[in-house]
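Provided herewith is a single structure, encoded as structure tokens, for subsequent inquiry.
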Amino acid sequence: QRQMCIRDRGKAGLGLISKEQDPKDKRKTLLKLTRKGKDLIEKSFSTLYEALIELSKIMAPFAPFLSEHLYRSLFALGGGKAQPISVHLCDYPIADSSKANSDLEGSVTLMQQVVLLGRQKREEEKIGLRTPLSTLTIIHQDKALLQIMESLEVYLKEELNVRKVKYSSDEEHYLQVKTRANYQLLGKELGGRMKGFADLIGALSNEQVSLFQNNGSITLSLDGFSRSFTGEEILLVREPREGSDAISNGSVSIELDCALTPELIRGGYAREVVNRIQRARKEAGLEVSDRIEIAYIAVSYTHLTLPTKA
């Protein structure tokens, strides 16, 4: 199976790992993907194989022996002979911009931010990740980006353990955006005018804020003096509206329904039981194919009865 997927060298899995990701996080992402079925196992191995082949070529000029060993070992693992026979006979890699998918990269980066916000919300509510939640709403003004996010919905559900994911571009329904002047950037330049412009920036209307977000800049006037302010000079602070539990990091916002029903609580117990069983199997040295019998005792059938699908 490993040789088969390495020979394919498909690119379908490449977009699932952000280039800005920490190397440790990339390894964790690959490990998680390999647990999600045969198709993703093949894509994950293909992605890793392709990356290591390119790495061996890049490092060849300054690590000739290690790169040669890596290059030949990878082709041997794939069940074939290296072509060319040496990494030092290969052309040096050149970036192919046609293979870049900026929309997919942006949506993956957004997905990672959503996952972090979701975990932050769970920690605030003291709800463990094994307890499923009913609904996650992703809030972003870019409708096109939200549509691409739908293709990654399966990963969001898995990472945050939610039953349903919704998407909304109506940011004003969940959040109120407040504007503040960036004193660190503007203070020295504006001097005595700083306080006056800070008041103007803090009093921007919703229409002005929308205009600023769309154009990336806005021009304000004070006592006959006009100046254009850019994105870094005006800070946007998103706060939840009354009745909303939305949270934001400035780039994306979410609302996570943390209400627990008896069904969700039972789902959390089921995951906990599965985790304990898996650990016990590992400690006992059992193989995946080994069949076992399980018995459990619950103090309350109402709350602890396990669902048929854990």
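These values consider heavy atoms only, across backbone and side chains, with no hydrogens, waters or symmetry-generated copies. Along the sequence shown, residues are numbered consecutively beginning with 1. All of these numbers come straight from a predicted model, not from anything done at the bench.
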Side-chain ion pair, E263 and R266, N-O less than 4.0 Å =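 Judged by the 4.0 Å cut-off on N to carboxylate O distance, E263 and R266 do not form a salt bridge.
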Taking all non-hydrogen atoms of both residues into account, name the closest pair between L200 and S221 and its distance.
->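 Minimum heavy-atom contact is CD1-O, 3.3 Å.
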Tell me, do R180 and I234 make a side-chain contact under 4.5 Å, heavy atoms counted?
->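 A side-chain contact is absent here, since even the closest heavy-atom pair is not under 4.5 Å.
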Give the C-alpha distance, both sets of side-chain angles, the deciding distance and a yes or no for side chain to side chain contact (heavy atoms under 4.5 Å, CB included) between I53 and L70.
-> CA-CA 8 Å; I53 284 289; L70 177 61; over 6 Å; no
Taking 4.0 angstrom as the limit, do E233 and R227 come out as a salt bridge?
->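 Result for this pair is yes, salt bridge flagged.
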Salt bridge present between E171 and R238 (N-O < 4.0 angstrom) |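 Yes.
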With the side chain counted from C-beta on, respond yes when L156 and V162 share a heavy-atom pair under 4.5 Å apart, and no when they do not.
->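 Not touching, per the 4.5 Å side-chain cut-off.
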Just checking, R193 and F225: is the charged tip under 6.0 Å from the six-membered ring centre and within 45° of the axis?
->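 Flagged: R193 positioned over aromatic ring of F225.
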Work out which heavy atom in S56 is nearest to a heavy atom in V87; give both atom names and the distance.
->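 Of all heavy-atom pairs spanning S56 and V87, the closest is O-CG2, 3.6 Å.
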Just by modelled atom types, is the L117 backbone N or O under 3.5 Å from a matching donor or acceptor in the R122 side chain?
->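 Answer holds: no.
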Is any side-chain heavy atom of L146 less than 4.5 Å from a side-chain heavy atom of S169?
->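 Yes, close enough: below the 4.5 Å cut-off.
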Dump the intermediate steps for side chain to side chain contact (heavy atoms under 4.5 Å, CB included) on I254 and T137, then the final yes or no.
-> CA-CA 5 Å; I254 70 164; T137 303; over 6 Å; no
Determine whether the side chains of S98 and D96 contain a donor N or O and an acceptor N or O closer than 3.5 Å.
->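 Note: S98 and D96 side chains meet the donor-acceptor criterion.
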In plain terms, say whether E159 and R119 are close enough for a salt bridge, that is, a side-chain N and a carboxylate O under 4.0 Å apart.
->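 Salt bridge: yes.
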Verify same cluster id: I138, V177 (apolar side-chain graph, 4.5 Å) =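 Each belongs to a different hydrophobic cluster.
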Are L220 and L222 close enough that some pair of their side-chain heavy atoms sits under 4.5 Å apart?
->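 Not touching, per the 4.5 Å side-chain cut-off.
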Just checking, is any N or O donor in the side chain of E124 or Q120 under 3.5 Å from an acceptor N or O on the other one?
->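 Side chains of E124 and Q120: pair found under 3.5 Å.
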Take L264 and R163 through the side chain to side chain contact (heavy atoms under 4.5 Å, CB included) test and state the conclusion after the steps.
-> CA-CA 10 Å; L264 294 174; R163 300 284 175 84; 4.0 Å; yes
Ring centres of Y71 and F75 under 6.0 Å apart?
->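 Here the rings of F75 and Y71 have centres that are less than 6.0 Å from each other.
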Does K157 pair with E153 as a salt bridge, N-O distance under 4.0 Å?
->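 Answer for the salt bridge query: yes.
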I85, CD1: over 12 other non-hydrogen atoms inside 6.0 angstrom =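 Counting other residues, nucleotides and ligands, CD1 of I85 stays at 12 neighbours or fewer.
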Flag the pair F212 / F229 as yes when their ring centroid distance falls below 6.0 Å, and as no otherwise.
->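 Not under 6.0 Å, so no.
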Do R279 and N275 have a side chain donor and acceptor closer than 3.5 Å?
->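 Checked: R279/N275 side chains pair up, N/O donor to acceptor below 3.5 Å.
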